[in-house]
Amino acid sequence: MDLHDNKILPGEILPVVIIGNGPSGICLSYLLSGYTPYLSTEASHPNPLLHSKLEEQPHLALLEQDLEYLCEGLEGRSSNPVAVLFDSLLLPDSDFGLDHTSPLEWRYEPERAIPHLVLGKGPPGGAWHAMEGSMLTLSLANWMELPGLKLKDWMRDKRRNVRNDRATPAEIASYYEHYVSQMSLEQSFACGTTVTSVTRQPGNPDGSPPCWRVTGLQRREGEELGGGSCVSEEVPFSLLAHSVVLATGTHDIPARLSVEGESLPFVCHSFWELEAAISRGELDQSSDPILVVGAGLTAADAVLAAHHLNTPVYHAFRRSVTDPGLIFNQLPKLLYPEYHKVHQMMTQQQHQTNPQPQNHAQNYHPRSTLSSPSFPSPSSPTTTSSPSSPSSSYPGYLSFPRHRVVAFRPDQKCVLESDSGERVVVQVSKALVLIGANPNLSFLKDNGRPLGIYPEEPITCRRNPIEVDPFTNKVVAAEGPGMYAMGPLVGENFVRFLKGGALAIASDLTKRQREEQGRGEGGLSTDRIMDRWMDRQVTSQTDADVCVLNS
């Protein structure tokens with residue numbers, strides 16, 4: 001959608017603007033477009049308590065029911081109760097490897113639709129379009145799908161195979177883009193948009209209520225040049241909305257260690273930089289080792305990529321290999337053999353720390369080089385062998401559990417420090433700091449910090465997500481009513497569970513709409529707004545107050 005071709009009348013306020021067009025925003029758009037879940041008269045849920053609750057009011061849509069009541073007593077692999085509820089209804093008992101039929105049936109009821117606009121920097125699918133295209137996703141294929149379109153069926157139609165019941169990021173990105181088209185959601189999606197500001201707008205003396213103002217830039221293709229290329233331009237826009245949903249994900253800004261030398265050229269912060277180095281032929285079995293920092297799945301992918309090239313790898317991470325919080329200790333071995341292999345490497349090929357005086361770290365001189373680690377023989381962890389030693393279970397790999405990076409040096413040496421204070425210096429060809437990513441919330445006051453559980457710290461998915469009401473996903477510390485957050489911003493990393501945030505928000509918006517209609521509030525009716533929004537022939541308003549576009 002081109003915002004310039006869909007002008008809104010002066011003073012008109014959109015019901016909902018969603019910032020982010022990844023799976024979170026797509027799923028919420030689906031629910032707000034009139035697709036409504038009901039309890040099927042022919043299906044049952046394996047949880048008898050939940051099924052009996054659903055049968056109490058089978059005529060009511062799930063969006064109209066008391067979600068808090070339905071969530072009582074449910075347990076699952078998410079801390080969000082509505083996420084556990086919706087996952088249980090969409091994929092009953094999937095944690096046990098069972099494939100029960102969902103008790104939900106979906107009805108298209110356009111009269112329930114709530115006009116909304118989904119803003120995204122790229123095509124629908126969000127960060128999935130930027131992910132590497134050959135690796136397998138962590139989640140099972142059916143955990144990645146959205147309501148109404150089976151991922152396996154879509155892949156079968158495309159003559160693609162799901163290896164080990166998992167798909168590639170490229171396939172998932174294509175699926176999400178196709179989903180928006182298949183469900184006729186395009187009229188609500190404005191791609192190529194970058195939001196620069198979200199602020200609370202006070203009410204006007206003429207009776208206009210307080211609302212949210214969303215401003216930014218939309219990229220548009222301009223004059224066509226020779227060779228088929230076009231000049232693109234960025235056109236400003238400004239929108240007013242009763243409700244704003246933050247659904248941007250957390251893949252925008254790679255997390256940093258904030259240590260000395262981290263900006264040196266050999267230090268990278270994304271997996272794609274490793275891929276680029278490989279494609280340029282910079283890494284092979286004769287290279288100095290690469291240092292991989294981090295114990296997540298992206299770090300594991302980097303280890304696997306280097307190991308495939310026979311490039312030596314040092315692997316440093318803060319946790320113990322037996323820490324229950326380590327992601328590898330939470331994955332079934334049969335479903336994730338490649339990550340189980342990395343965990344074996346981390347466990348069997350560990351650097352052995354030596355007892356050191358308590359003041360060892362304090363006396364360490366930054367220019368001195370301690371004994372560089374080598375790759376140990378599994379038969380004797382303290383003996384050393386060359387990186388290519390055939391005596392190692394995994395030649396060319398050495399892990400440093402419970403170590404942190406102290407500094408990177410210009411001579412491409414990295415200083416590591418253990419929990420006990422022992423320091424080692426390793427010579428590397430490249431260092432990859434793969435410790436996650438943080439969201440870009442620059443369009444919010446103080447980068448959104450006041451909205452977090454810990455208001456003085458930056459927003460992160462794991463340590464400091466945005467604090468929301470668990471049953472509505474309303475942002476607790478928002479400057480006014482009508483701000484919601486969902487997906488990784490509230491700690492939900494998996495597509496399987498972020499759909500619960502869409503249900504919570506759609507349910508709350510539906511109930512608010514019914515209350516406002518009952519009171520006769522809202523100015524222009526939803527029907528009139530929807531009619532105009534869908535009408536591509538609406539008269540241009542060059543002096544529009546709500547959507548100001550300068551060409």
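Just so it is clear, the structure is predicted and the values come from calculations on it, not from any experiment.
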Can you list the steps and then say if L489 with C461 is a side chain to side chain contact (heavy atoms under 4.5 Å, CB included)?
CA-CA 6 Å; L489 290 176; C461 175; over 6 Å; no

So R512 and R514, side chain to side chain contact (heavy atoms under 4.5 Å, CB included) or not? Walk me through it.
CA-CA 5 Å; R512 281 181 51 194; R514 291 170 65 91; over 6 Å; no

Test side chain to side chain contact (heavy atoms under 4.5 Å, CB included) applied to I19 and F443, step by step
CA-CA 11 Å; I19 304 173; F443 55 86; 4.1 Å; yes

Intermediate values then yes/no, side chain to side chain contact (heavy atoms under 4.5 Å, CB included), S29 and M183
CA-CA 10 Å; S29 176; M183 300 302 172; over 6 Å; no

Test salt bridge (charged side-chain N to carboxylate O under 4.0 Å, His left out) on K511 and E64; report intermediate values, then the result.
CA-CA 7 Å; K511 291 168 183 175; E64 298 173 318; over 6 Å; no

Between K499 and E492, is the salt bridge (charged side-chain N to carboxylate O under 4.0 Å, His left out) condition met? List the steps.
CA-CA 9 Å; K499 291 175 280 192; E492 289 295 357; over 6 Å; no

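Using a 4.5 Å heavy-atom cutoff, the side chains of H242 and L14 are not in contact. Counting only heavy atoms from C-beta outward, the side chains of P210 and P202 never approach each other to under 4.5 Å. Between C27 and P147, some side-chain heavy-atom pair lies under the 4.5 Å cut-off. Side-chain contact between L119 and V214 is present, with heavy atoms from C-beta onward closer than 4.5 Å. For the pair P115/P15, a side-chain contact is recorded, criterion being any heavy-atom separation below 4.5 Å from C-beta on. Residues R219 and V235 form no side-chain contact, since every pair of their non-hydrogen atoms from C-beta on lies 4.5 Å or further apart. Residues I26 and F189 meet the side-chain proximity criterion, which asks for heavy atoms closer than 4.5 Å. When side chains are defined from C-beta on, P81 does not count as touching L74, because their heavy atoms never get closer than 4.5 Å.
A salt bridge does not link K474 with D469: none of the charged nitrogens is closer than 4.0 Å to a carboxylate oxygen. Under 4.0 Å is where a charged nitrogen must lie from a carboxylate oxygen, and between R463 and E457 no such pair does.
Panel note: side chain T193, backbone A190; a donor-acceptor pair is recorded below 3.5 Å. A donor-acceptor pair is defined here as one N or O able to donate and one able to accept, closer than 3.5 Å; no such pair exists between the side chain of S243 and the backbone of V16. Between the side chain of Q218 and the backbone N or O of T194, no donor-acceptor pair lies under 3.5 Å. Side-chain N or O atoms of S52 include one that pairs as donor or acceptor with a backbone N or O of L49 at under 3.5 Å. The backbone N or O of K150 lies less than 3.5 Å from no partner atom in the side chain of Y175, so there is not a single donor-acceptor pair.
Between the side chains of Y69 and E56, at least one donor-acceptor pair of N or O atoms lies under 3.5 Å. When only modelled atom types and interatomic distance are considered, S33 and R112 share no side-chain donor-acceptor pair under 3.5 Å. Y176 and N21 share no donor-acceptor pair across their side chains, judged by distance under 3.5 Å alone. Judged by distance alone, the side chains of S102 and H45 never bring a donor and an acceptor atom under 3.5 Å apart. Side-chain N/O atoms of S442 and N440 include a donor and acceptor closer than 3.5 Å.
Listed here is the closest heavy atom pair of P458 and N464: O-ND2, 3.1 Å. Here the closest non-hydrogen pair linking M486 and A247 is CG-CB, 3.8 Å. In terms of heavy atoms, P470 sits closest to N473 at O-OD1, 4.3 Å. Taking all atoms of both residues into account, the shortest heavy-atom contact from L146 to P23 is CD2-O, 4.2 Å. For the pair A299 and L434, the tightest heavy-atom approach, listed with the atom from each and the gap, is CA-CD1, 3.9 Å. Contact detail for W212 and P481: the closest heavy-atom pair is NE1-O, 3.0 Å.
Pairs of residues two or more places apart, or lying in two chains, that qualify as ring-ring contact (aromatic ring centres under 6.0 Å, His included) and include a residue from residues 20-42 are Y30-Y35, Y30-W106, Y30-Y179, Y35-Y108.
The salt bridge (Lys or Arg N to Asp or Glu O under 4.0 Å) test applied to K121 returns no partner, not counting sequence neighbours. Here R107 pairs with E105 under the salt bridge (Lys or Arg N to Asp or Glu O under 4.0 Å) rule; sequence neighbours left out. Applying the salt bridge (Lys or Arg N to Asp or Glu O under 4.0 Å) rule to E55 yields no partners; only residues at least two apart in sequence or on another chain are considered.
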For residues 320-327, run the donor-acceptor check on the side chains, cut-off 3.5 Å, and write out each pair with its distance to 0.1 Å, sequence neighbours left out.
unit_1	atom_1	unit_2	atom_2	d
S320	OG	T322	N	3.2
S320	OG	T322	OG1	3.0
D323	OD1	R319	NH1	3.4
D323	OD1	G325	N	2.7
D323	OD2	R319	NH1	3.2

Which donor-acceptor pairs under 3.5 Å do the side chains of residues 445-454 make with protein atoms, sequence neighbours left out?
unit_1	atom_1	unit_2	atom_2	d
R449	NH1	E456	O	3.2

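Shown are I505, V17, L32; of these, the side-chain contact (heavy atoms from CB on, under 4.5 Å) with V245 is made only by I505.
Crowding of R462 atom CZ: a count of heavy atoms from other residues, nucleotides or ligands under 6.0 Å not exceeding 12.
With rounding to the nearest 0.5 angstrom, the CD atom of E109 is 9.0 Å from the CG atom of L63. Distance CD/Q65 to CG/L39: 8.0 Å, rounded to 0.5 Å. Atoms CG and CG, on L85 and L67 in that order, are 6.5 Å from each other to the nearest 0.5 Å. Atom OG1 in T347 sits 4.0 Å away from atom NE2 in H343 (nearest 0.5 Å). Taking OG1 from T510 and CG from L503, the interatomic distance works out to 9.5 Å, rounded to the nearest 0.5 Å. Here the straight-line distance linking atom OG1 of T36 with atom CG of L104 works out to 11.5 Å at 0.5 Å rounding.
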